[in-house]
Each structure stands twice: as structure tokens, then as C-alpha cells.
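What follows is a single structure, written as C-alpha cells, with notes after it.
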Amino acid sequence: MTDKERGYRYQETHPETGRPWPDIPEAALALWDRLTGYSAPPEACLINYYEGEARMGLHVDSDEEAWDAPVLSISLGDTALFRIGGILRTDPTRSVRLASGDVCMLGGPSRRAFHGVDRIMPGTSRLLPKGGRINLTLRRVTIPG
Ligand SMILES: O=C(O)CCC(=O)C(=O)O
């Protein structure tokens, strides 16, 4: 979760209800197993919803201890213009369209690559009744013991 006071962090429970987060859906866990080949399951499934002009600036996912684990994301709904560069913010970037059902894995050297979402392309999917895009991002946070 993230907030103004303490920034981005992983926590076991919902900050408002105090309840544990729901289980990660089986289908997402199965994809993780099949595609990452990582020795342990993901511990977080972040859900981002993009509507209208929503975007995500270039960043590196760096709040996890398990740097060797890939980050796997699943795109649902409208197509995103996804941008990926190198390990320096100033490295050249290129953009890739992520359509509904596409899965994007940042593993190996790309695990430390700057990436972000430039924009969503409205009307490119009928999956979500009100349009927009949902991205599920699976991450291993702790080093498997
Ligand atoms: O929405 C996406 O495809 C990217 C999400 C992302 O970069 C993140 O959650 O850190």
C-alpha cells in the first residue's frame, strides 16, 4: 500500500479494516508457477485501476527484498501503452502495447529496468463495462527461506 505519511510499503492487513488481504486468485498463482519458474509463490498481488487520463510514471520496483524474483503483471481491459527502458532513468526507452490478457514479466536484467504506463487507449476492450484497465502485478517480497 502507499500513503502520504509512510510512502510505499507492504503490509499484512488492510490499513482501514485491519483485515488480512484476500488470497491471491488461483489462476494468477498458476500463471506465476508456469511462467516464472521461481522457487516460491508471490506474496503480493497489487491491483491498479487506470481510467481516463491515468498513467504511471517511469519507476523501478525496488521495495522487495527478493530481487531475483521476476515481477509478473497481467493486463485486463483497455490496451496500455507500456514504456520500458534500462537500469538508468536516462537510458533509451521503447513502448509496447499491452492488450487485455497480455502478461508482462520483468525478470533477469529487466527486473531492474525503469518502466511505466504512458496512457490507456480508450475503447480498445469491452471487458470492463465502464472501460479502463486493470493491471494485476504479482511480486515476491521476501527472500524464500
Ligand atoms: O500497469 C502496468 O502495466 C505497470 C504497473 C507497474 O509498473 C507497477 O505496479 O509497478
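When a ligand or atom number is given, it counts from 1 through the structure's own listing order. All values reported here derive from a predicted model rather than from experimental measurement.
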Enumerated ligand 1 atoms positioned under 4.0 Å from heavy atoms of [X]:
X: Y50; value: 1 (O), 2 (C), 4 (C), 5 (C)
X: V117; value: 1 (O), 2 (C), 3 (O), 4 (C)
X: H59; value: 6 (C), 7 (O), 8 (C), 10 (O)
X: T137; value: 9 (O)
X: R139; value: 8 (C), 9 (O), 10 (O)
X: R133; value: 1 (O), 2 (C), 3 (O)
X: L46; value: 9 (O)
X: D61; value: 10 (O)

**Message:** Please evaluate residues E12 and R19 with respect to the criterion salt bridge (charged side-chain N to carboxylate O under 4.0 Å, His left out), reporting the C-alpha separation (whole Å), side-chain torsions for both, the decisive distance (0.1 Å), and the verdict.
**Reply:** CA-CA 8 Å; E12 302 279 322; R19 291 203 202 110; over 6 Å; no
**E43 and Y10 side chains, donor-acceptor separation under 3.5 Å** =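 Per modelled atom types, Y10 and E43 side chains form no pair under 3.5 Å.
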**Message:** Less than 3.5 Å apart, any donor N or O on the side chain of D91 or T93 sitting next to an acceptor on the other?
**Reply:**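 Checked: D91/T93 side chains show no N/O donor-acceptor pair below 3.5 Å.
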**Request:** Determine, step by step, whether D78 and R133 satisfy the salt bridge (charged side-chain N to carboxylate O under 4.0 Å, His left out) criterion, reporting the C-alpha distance in whole Å, the side-chain angles of both residues, the deciding distance to 0.1 Å, and the verdict.
**Result:** CA-CA 5 Å; D78 285 340; R133 171 176 185 257; over 6 Å; no
**Message:** Check for me, please, whether L106 and I87 land in the same ILVMFWY cluster - side-chain distances under 4.5 Å, paths through other members count.
**Reply:**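 Not linked; separate clusters.
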**Same apolar cluster (I L V M F W Y, side chains within < 4.5 Å links), V141/I47** = no
**Complete:** of all protein heavy atoms, closest to atom 9 (O) of ligand 1 is N48 ND2, 3.1 Å
**Protein heavy-atom partner closest to atom 6 (C) of ligand 1 - residue, atom, separation in Å** =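 Here the nearest protein heavy atom works out to M56 SD, 3.4 Å.
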**CG (L88) with more than 12 external heavy atoms under 6.0 Å** =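 Result for CG/L88: enclosed.
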